[in-house]
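The analysis underlying the following values was restricted to heavy atoms, covering all of them including side chains, and did not include hydrogens, waters or symmetry mates. Throughout, residue positions are numbered sequentially from 1 according to the sequence presented.
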Amino acid sequence: MSTSARMSLLTLRVTGDRKPISKRSNWDGTSLKDIIDECLGESCKQHDVLKDDIEKLIAVTTVEHQLSQLKVILSKYSQKENEGCLVFKLCSKIYFSVDPKHPLRSGIVRLLTTTSSSNVSIEEKLITELKSSLKWTVSKHTAHQPFCCNETSDMITKLSTLYENFPLGASAISSCSVEVIDCICSCLNECQTVLETSDLPPATKQDVCNCVHAAVRLGVQMLQNSQTTLDHDSVQKMSSKVHKLMEFSVLPLDTTRNCGLLMVLSQRFVCGREGCVKLYEEVISNPNKLIVITISSGLLTGLPIDDLSADNCSLFKKIFVTLKIIYQRNMADCSLLLCLTRALLALSKSTLLHAAAVCQVPDLLQFLISFTWTHLDHHMDSVCHLSNSILANIVKLGSESQNSIKELGILKSILTLTVKTAAWKKAKHAALIALAGVLPTSEILAADPGLVETLLELLQQPTVPSYAVNSVEKLMLTHLGEVDLSTWTAVWLDPLLASMEDQVGQTEPFGLKQVLTKAVRFSPHIVNSVLSSDKRNWSVSLSCLQACRKWGLTISSEEDVNKWRGLAGYSFLQEAICDKNCQVRLACFTLLVDCKKTTELFIMEELLLLKSFFELNISENNVAARHQMLRVVGKLLTRLKDSLQTFLKTSKNKIDEEKIEAVEKNYNDFCEWLVQYCFANLFPGASLHRRSTALSILQMILKTSLWRESANTVENAKLLLLSLTDTYEENKCLASELIISMPAHLFNFDKEDCVKETFEKCVELASGIRPPDSVTAAYLLATLVKIPEAGQHILTITNKPAIRVLGSEYCTISSIMDKLSDELIVAKKDIVKAALSGPLYGHLFLIRHILEQIDLSCLSESEEWRAVIGRLLTLCYECSAAVASVVNSESPEGLIPTEDDYVELLSTLSLGAAEDPIKETAQVVLLCSWRTVKETSLLLGHLAKHATITQGETTGQYA
């Protein structure tokens with residue numbers, strides 16, 4: 001497949017409608033009835049008392065109601081001998097019958113656990129029934145032929161979940177350990193047979209790997225939780241099956257790692273520590289180093305620290321030497337590296353449990369530090385995270401109080417490496433985070449005198465990694481607890497504020513702002529010093545105020561009338577609102593609007609500041625700033641709505657009516673002012689950005705139900721109609737939505753004469769040779785169709801009484817199609833004449849624009865709509881054929897299809913008595929042809945995507 005073909009398929013996948021993902025539905029009554037009949041047979045019918053409750057359980061259809069009914073049944077019959085056993089059997093059978101992830105399972109676990117608490121008799125009965133149902137599940141699956149990976153995996157997962165917060169289930173599976181291990185062995189044997197098949201499809205490989213992973217995981221759980229009931233021969237058999245599967249390279253690393261752990265646990269269960277040592281000696285010579293690493297990791301994870309440290313740490317030393325040699329010989333193998341890093345993490349955890357091993361194993365500490373430092377910047381995230389955990393374990397080990405550990409100087413070694421490492425490397429920041437709180441921060445800063453300046457310089461970069469911000473925050477906050485406030489301010493805050501002052505006029509660094517926000521939380525006093533500084537830095541000042549708002553901090557009493565929210569003076573905010581830098585204005589706007597709860601009431605001074613902001617920013621021409629402003633405007637409108645509703649709801653009978661009226665008046669006045677101000681900015685000659693912003697705000701006001709009736713005036717209606725002629729289509733869409741929401745009488749669309757004149761004007765514009773006219777006509781006509789009063793008049797204007805019941809959209813499309821047919825007749829005879837007197841693309845665009853606003857899938861049952869869509873398809877193909885001679889030409893730019901009678905045609909065609917005849921050129925013909933093909937393609941694409949395609953009884957009828 002060519003590159004262009006692949007890209008076209010990719011585009012189709014990305015832009016097409018996504019099909020809804022099918023989810024497993026809840027068990028309905030019928031399905032639950034089948035389960036009950038299969039599990040209990042005629043047993044429940046033999047108990048008349050229980051029968052009614054079982055029928056109620058079958059009747060309900062949701063999980064919540066099913067669990068509720070099961071709870072009622074258990075509360076009624078759990079104390080009874082026969083009925084209780086039957087109910088326990090019912091619950092256990094349902095538990096094992098439903099899907100492993102079904103919510104009924106967790107609900108049944110809660111019900112059974114609650115029922116059996118502090119009642120030994122009921123607990124024994126439940127374990128017996130769970131054991132019986134477990135054996136029934138295993139035998140039922142064993143009898144099923146042929147082998148199915150997915151079903152087997154589901155069944156094993158059901159057994160595995162018995163160990164998860166379900167003590168009764170753990171007891172039940174422990175008593176059936178022989179049957180369960182036999183099932184695991186059978187499953188592993190079948191999976192091995194499938195994996196040995198050549199040319200296995202990828203999907204099948206994935207299913208088999210999932211099945212192996214589930215089986216091995218269950219085996220590990222049994223060896224960890226049910227050792228007292230296990231059989232040596234069964235465990236040995238399972239271990240040998242797993243050993244064979246480990247040779248298959250197709251298994252994921254997690255599965256292989258679990259296989260290694262299972263083999264270690266099996267050998268320890270059967271032969272003790274000697275068996276594990278023997279297993280290690282056998283596997284160390286295996287050429288497959290992945291198996292060697294997984295067994296080594298299994299030994300470190302599965303063996304107690306006493307077994308690892310016995311005989312002067314002999315096994316521990318051997319494992320370390322093996323891992324070290326494998327790493328030195330296979331540094332470039334990523335799969336081995338990931339598995340090796342996991343093994344080294346287990347090794348570092350073992351050293352925490354037995355710190356003496358660090359002294360007894362030469363080079364262990366040095367190797368771990370060197371490995372960690374190298375791979376903290378690895379391209380694989382998993383390796384980075386594991387290396388970070390290893391480093392944390394090493395630092396924790398270094399903080400041990402034992403003298404033998406202190407003498408090694410682990411923390412000093414790490415600190416020395418940290419000082420030597422470049423600031424942009426992740427290893428430096430990971431080490432700083434690990435050392436902070438273990439070593440005194442003063443000691444870290446003394447070892448690296450320029451550390452603070454280096455870190456802050458890094459945070460000034462446009463893109464700063466999160467670990468760099470985290471390291472600065474950690475050091476700064478730990479240092480705050482070690483020294484007095486003045487010292488901390490001199491070390492951290494002064495350089496931080498100086499760094500932010502250096503960024504004046506530039507994009508505000510996210511890293512510096514985040515650190516400042518955290519600093520303000522723990523030291524609010526810095527806000528006063530920033531605001532009172534002679535050298536005003538808006539970025540720093542507003543960031544501090546935003547941090548105070550975020551953490552709910554105040555500098556002075558909120559009752560101070562001269563301070564906004566107890567933080568800053570109103571003159572300060574007014575200066576920020578009027579600043580020449582748009583980012584400063586936006587930051588202040590965001591500060592005024594953002595709060596923890598949208599129900600926080602606006603005060604009068606804030607509304608005045610917001611008015612000032614809109615007056616200065618309505619014509620903002622920076623696209624990014626305009627989008628940011630509109631995002632905050634959405635928050636503003638939401639807060640206006642929510643805060644007023646909450647205030648009116650909670651303030652009744654609590655405060656005086658005058659205050660309620662004052663608040664309500666302030667809100668209403670502001671909303672009315674904002675609406676009218678936006679309309680005032682739609683004047684003729686307004687810039688594109690001004691019109692776009694005003695229309696966008698009006699639309700958001702409409703959606704948040706803050707529209708005021710005072711905005712429904714004839715003057716505003718005229719401004720919206722004028723906006724439909726905007727050259728920017730997004731503005732046309734916004735204006736159309738607003739027009740539809742306003743009363744029809746403002747536009748005279750409730751009068752038939754006006755609607756008729758508008759309708760005819762739209763059709764006339766669509767026949768013109770100027771493409772913008774056809775776009776304007778389409779939006780105006782689509783708006784007209786959506787207005788109910790105008791729609792009724794359209795039914796009369798189109799003069800189609802037989803199809804009035806189908807609506808104005810159908811009548812409009814039918815009428816336009818008649819016009820299109822007339823133009824097509826001319827185009828078939830002479831494309832040049834059609835290009836001058838009635839190009840096809842205008843009416844095609846009108847039809848497409850109206851169809852895009854109709855849900856075509858709901859019209860497939862209508863014979864009339866099927867007929868009109870069929871006719872439309874025919875017209876599209878005929879229009880495309882009429883212009884094919886031009887668009888298919890090798891040189892369409894200068895092509896004139898015919899040359900007869902041009903002089904006569906040009907002398908007769910005229911737009912008016914005072915105008916000259918239109919001068920025909922090949923470019924006009926090309927424009928008509930190209931736009932016609934474009935519109936037919938878009939129209940056919942829309943129908944193919946949204947219309948239901950079904951062959952009718954008569955050829956050519958589609959819907």
Side-chain angles (χ1 to χ4, degrees), residues 381 384 388 423-437 441 444-445 451-481 485 488-531 533 537-555 567-568 576 581 583-584 586-596 624-625 628 631-632 635:
D381 288 340
C384 292
N388 201 11
W424 56 268
K425 301 198 77 172
K426 186 177 181 180
K428 185 181 187 76
H429 300 279
L432 288 174
I433 293 172
L435 290 173
T441 307
I444 298 174
L445 297 177
L451 180 61
V452 175
E453 289 74 13
T454 303
L455 294 177
L456 293 178
E457 184 179 352
L458 179 64
L459 295 186
Q460 294 178 28
Q461 303 301 321
T463 55
V464 182
S466 59
Y467 55 78
V469 178
N470 294 338
S471 64
V472 176
E473 289 181 353
K474 186 70 178 293
L475 286 171
M476 183 174 64
L477 297 182
T478 52
H479 197 210
L480 179 62
L485 191 59
W488 182 77
T489 301
V491 173
W492 292 101
L493 289 186
D494 293 343
L496 175 61
L497 295 176
S499 298
M500 296 195 73
E501 288 175 0
D502 293 340
Q503 301 297 314
V504 175
Q506 304 178 24
T507 303
E508 186 176 279
F510 172 76
L512 288 176
K513 183 177 179 180
Q514 188 171 346
V515 172
L516 179 64
T517 301
K518 188 62 67 73
V520 169
R521 180 185 182 185
F522 292 94
S523 182
H525 76 282
I526 67 172
V527 180
N528 266 335
S529 59
V530 169
L531 296 181
S533 175
N537 186 325
W538 289 115
S539 177
V540 176
S541 302
L542 294 174
S543 296
C544 288
L545 292 175
Q546 287 173 355
C548 288
R549 288 287 282 164
K550 179 180 179 180
W551 305 116
L553 305 174
T554 57
I555 302 172
L567 294 173
N581 190 332
Q583 291 300 324
V584 173
L586 282 173
C588 187
F589 179 46
T590 305
L591 175 67
L592 292 171
V593 173
D594 278 350
C595 60
K596 288 187 176 182
Q628 183 182 351
R631 178 179 58 82
V632 182
K635 294 182 179 180

Asker: Compare all side-chain heavy atoms of K474 with those of L432 and state whether any distance is below 4.5 angstrom.
Answerer: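 Not touching, per the 4.5 Å side-chain cut-off.
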Asker: Under the side chain to side chain contact (heavy atoms under 4.5 Å, CB included) criterion, do L445 and T441 qualify, and how do the steps go?
Answerer: CA-CA 6 Å; L445 297 177; T441 307; 4.3 Å; yes
Asker: How close do T478 and A436 get, heavy atom to heavy atom, and via which atoms?
Answerer: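 Distance-wise, the nearest heavy atoms are OG1-CB, 4.1 Å.
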Asker: Taking atom CG of L567 and atom CD of Q546, what is their separation to the nearest 0.5 Å?
Answerer: 11.5 Å
Asker: Apply the side chain to side chain contact (heavy atoms under 4.5 Å, CB included) test between F589 and each candidate in D594, V632, V584; give the one that qualifies.
Answerer: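 That would be V632; it is the only one of D594, V632, V584 passing the side chain to side chain contact (heavy atoms under 4.5 Å, CB included) with F589.
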Asker: Under the rule for salt bridge (Lys or Arg N to Asp or Glu O under 4.0 Å), what residues qualify as partners of K425, not counting sequence neighbours?
Answerer: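 K425: no salt bridge (Lys or Arg N to Asp or Glu O under 4.0 Å) contacts found.
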Asker: Roughly how far, to the nearest 0.5 Å, is the SG atom of C544 from the CZ atom of R549?
Answerer: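 Those atoms lie 15.0 Å apart.
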Asker: Looking at CZ of R521 and NZ of K550, how far apart are the two atoms once the value is rounded to the nearest 0.5 Å?
Answerer: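 Interatomic distance, R521 CZ to K550 NZ, rounded to 0.5 Å: 8.5 Å.
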Asker: Please round to the nearest 0.5 Å and tell me the distance separating atom CG of L586 and atom CG of L591.
Answerer: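 Between atom CG of L586 and atom CG of L591 there are 12.5 Å.
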Asker: Show the nearest heavy-atom pair for residues L542 and C588, with the distance to one decimal.
Answerer: CD1-N, 3.9 Å
Asker: Taking the side chain as every heavy atom from C-beta outward, state whether V472 and V452 have any atom pair closer than 4.5 Å.
Answerer: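 When only atoms from C-beta onward are counted, V452 and V472 do not touch, as no gap falls below 4.5 Å.
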Asker: Considering all heavy atoms of both residues, which atom of W424 and which atom of Y467 are nearest to each other, and what is their separation?
Answerer: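 Taking W424 first and Y467 second, the nearest heavy atoms are O-OH, 3.8 Å.
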Asker: If I take atom CG from residue L496 and atom CG from residue L459, how far apart are they, to the nearest 0.5 angstrom?
Answerer: 8.5 Å
Asker: Hey, does S499 have a side-chain heavy atom less than 4.5 Å from the side chain of E457?
Answerer: no
Asker: Is it true that the side chains of S471 and H429 contain a donor and an acceptor less than 3.5 Å apart?
Answerer: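 Looking only at side-chain atoms, H429 and S471 do form a donor-acceptor pair, the distance falling under 3.5 Å.
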Asker: As a quick check of understanding, evaluate side chain to side chain contact (heavy atoms under 4.5 Å, CB included) for Q583 and W538, giving each step before the final call.
Answerer: CA-CA 10 Å; Q583 291 300 324; W538 289 115; over 6 Å; no
Asker: Report yes if some heavy atom in the side chain of T489 is under 4.5 Å from a heavy atom in the side chain of L485; otherwise report no.
Answerer: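 Of all side-chain heavy-atom pairs linking L485 with T489, at least one is under 4.5 Å.
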Asker: Between CG of L455 and CH2 of W492, what distance do you get to the nearest 0.5 Å?
Answerer: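 These two atoms lie 6.0 Å from each other.
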Asker: Of the non-hydrogen atoms in P495 and A490, which two are nearest, and what is the gap between them?
Answerer: CD-O, 3.5 Å
Asker: Please assess L451 against K428 for the test side chain to side chain contact (heavy atoms under 4.5 Å, CB included), listing each intermediate value before the final yes or no.
Answerer: CA-CA 11 Å; L451 180 61; K428 185 181 187 76; 3.9 Å; yes
Asker: Any side-chain to backbone donor/acceptor pair from N388 onto C384? Under 3.5 Å, distance only.
Answerer: no
Asker: Are the side chains of V491 and H479 in touch, meaning some heavy atoms are under 4.5 Å apart?
Answerer: yes
Asker: Are M476 and W488 packed together at the side-chain level, in the sense that at least one heavy-atom pair is separated by less than 4.5 angstrom?
Answerer: yes
Asker: Do V520 and C548 pass the side chain to side chain contact (heavy atoms under 4.5 Å, CB included) test, and can you show the C-alpha distance, the side-chain angles, and the key distance before you say yes or no?
Answerer: CA-CA 7 Å; V520 169; C548 288; 3.8 Å; yes
